[in-house]
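Just the heavy atoms: all of them, side chains too, but no hydrogens, waters or symmetry mates, feed the values below. Quick note: residue numbers are just sequence positions, from 1.
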Amino acid sequence: MPDVISLVRALDGVARTATLRERGLSDHRIADAVRRGALSRVRRGWVALPSADTELVEAARAGVVLTCVTQARRLGLWVLAEPRPHVAAPGHAGHVASAVGHVHWAAPVVPRHPDALVDPVENVLAVAASCLPHEEALAVWESALRQGMVDIREMRRLDLGPAARALCDEADPYADSGLESFAVPRLRWLGLPLRRQVWIAGHRVDLLIGERLAFQIDGGHHVGAQREEDIAHDVALGLLGYRVIRVGYRTIVDDWASVQERIMRAIAQGWHRA
């Protein structure tokens, strides 16, 4: 006979009692585990280990699945902000308490199993496309492509909405960070070539504008030895005739106007030309 704790643990610590019965556990054994405190009843038809992931427990309690930016964060995708949880509910779920977070009601592009408490990555991307501002959604999509979590050809075969279809055409699997996903769309109006991740002087340049303007974006890890390496690369670029504009995470996110002004002034002086 299967061990009740091991089985629930294998199901990520939160499980439907119907699934446990299908796996060979009797109602008596489940109730006994609850009585001993080895399991807790989350709601009717669901139990959890005391050590279970609290986000999964709350999803089971509310009858929803984690999706959009919440599940994107859990998957390790690039997410700018998540002020409250984003969840998905089936159309027949009736009332879902607003305290759960932001509730998405749209039908999933990939069916959700009754045991699921998190959305598959395809659903996460489809929901994010219609929920987030375009640049933030693009960053999430490009993060998933970069990490090999999804194939863009498979995404195109799904029944996607207009926003997701547009991202299928725009998303670049070679983008190195979410911040690049912000910068490129904002600079297209310049009408100049914008090449990502160009290998120059032994290192990658985040974005090459025109022929000679290197636009470098520093994330939170650009400190210490990494910072020294970045400075040395900037010098090497300068010796090869490139001009460098280097900005940080917060400047891109919170003060894009100043970034754009710097780039415009550099282009006006011909920094982008060989």
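- Here Arg246 pairs with Asp230 in a salt bridge; the nearest charged N to carboxylate O distance falls below 4.0 Å.
- Linking ILVMFWY side-chain heavy atoms closer than 4.5 Å, directly or via other members, places Leu138 and Leu160 in a single hydrophobic cluster.
- Aromatic pair Trp271/Phe215: centroids not less than 6.0 angstrom apart.
- Put simply, Val121 and Val140 are part of the same group of oily side chains (I, L, V, M, F, W, Y) that touch within less than 4.5 Å, one to the next.
- The hydrophobic cluster containing Trp256 also contains Leu213, counting ILVMFWY residues as joined when their side-chain heavy atoms lie under 4.5 angstrom apart, directly or transitively.
- Take Arg157 and apply the salt bridge (charged side-chain N to carboxylate O under 4.0 Å, His left out) test, not counting sequence neighbours, and it matches no residue.
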Stepwise salt bridge (Lys or Arg N to Asp or Glu O under 4.0 Å) check, Arg165 with Glu170: CA-CA 9 Å; Arg165 292 222 163 271; Glu170 183 176 355; over 6 Å; no
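- A 6.0 Å sphere centred on CZ of Arg153 holds no more than 12 heavy atoms belonging to other residues, nucleotides or ligands.
- Remark: Arg273 does not engage Glu211 in a salt bridge, criterion side-chain N to carboxylate O under 4.0 Å.
- Side-chain polar atoms of Glu82 and Thr70 form a donor-acceptor pair below 3.5 angstrom.
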Tell me which donor-acceptor pairs under 3.5 Å the side chains of residues 57-67 have, and how far apart each pair is, sequence neighbours excluded?
unit_1, atom_1, unit_2, atom_2, d
Glu58, OE2, Arg61, NH1, 2.5
Thr67, OG1, Asp119, OD2, 2.8

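- Side-chain contact between Val124 and Arg74 is absent, with no heavy-atom pair separated by less than 4.5 Å.
- With salt bridges taken as basic N to acidic carboxylate O contacts below 4.0 Å, one links Asp32 and Arg35.
- Val244 and Ile252 end up in different hydrophobic clusters when Ile, Leu, Val, Met, Phe, Trp and Tyr side chains are linked at under 4.5 Å.
- When hydrophobic clusters are built by joining Ile, Leu, Val, Met, Phe, Trp and Tyr residues whose side-chain heavy atoms come closer than 4.5 Å, directly or via intermediates, Val79 is not grouped with Val118.
- Between Arg227 and Asp218 a salt bridge is recorded (basic side-chain N to carboxylate O distance below 4.0 Å).
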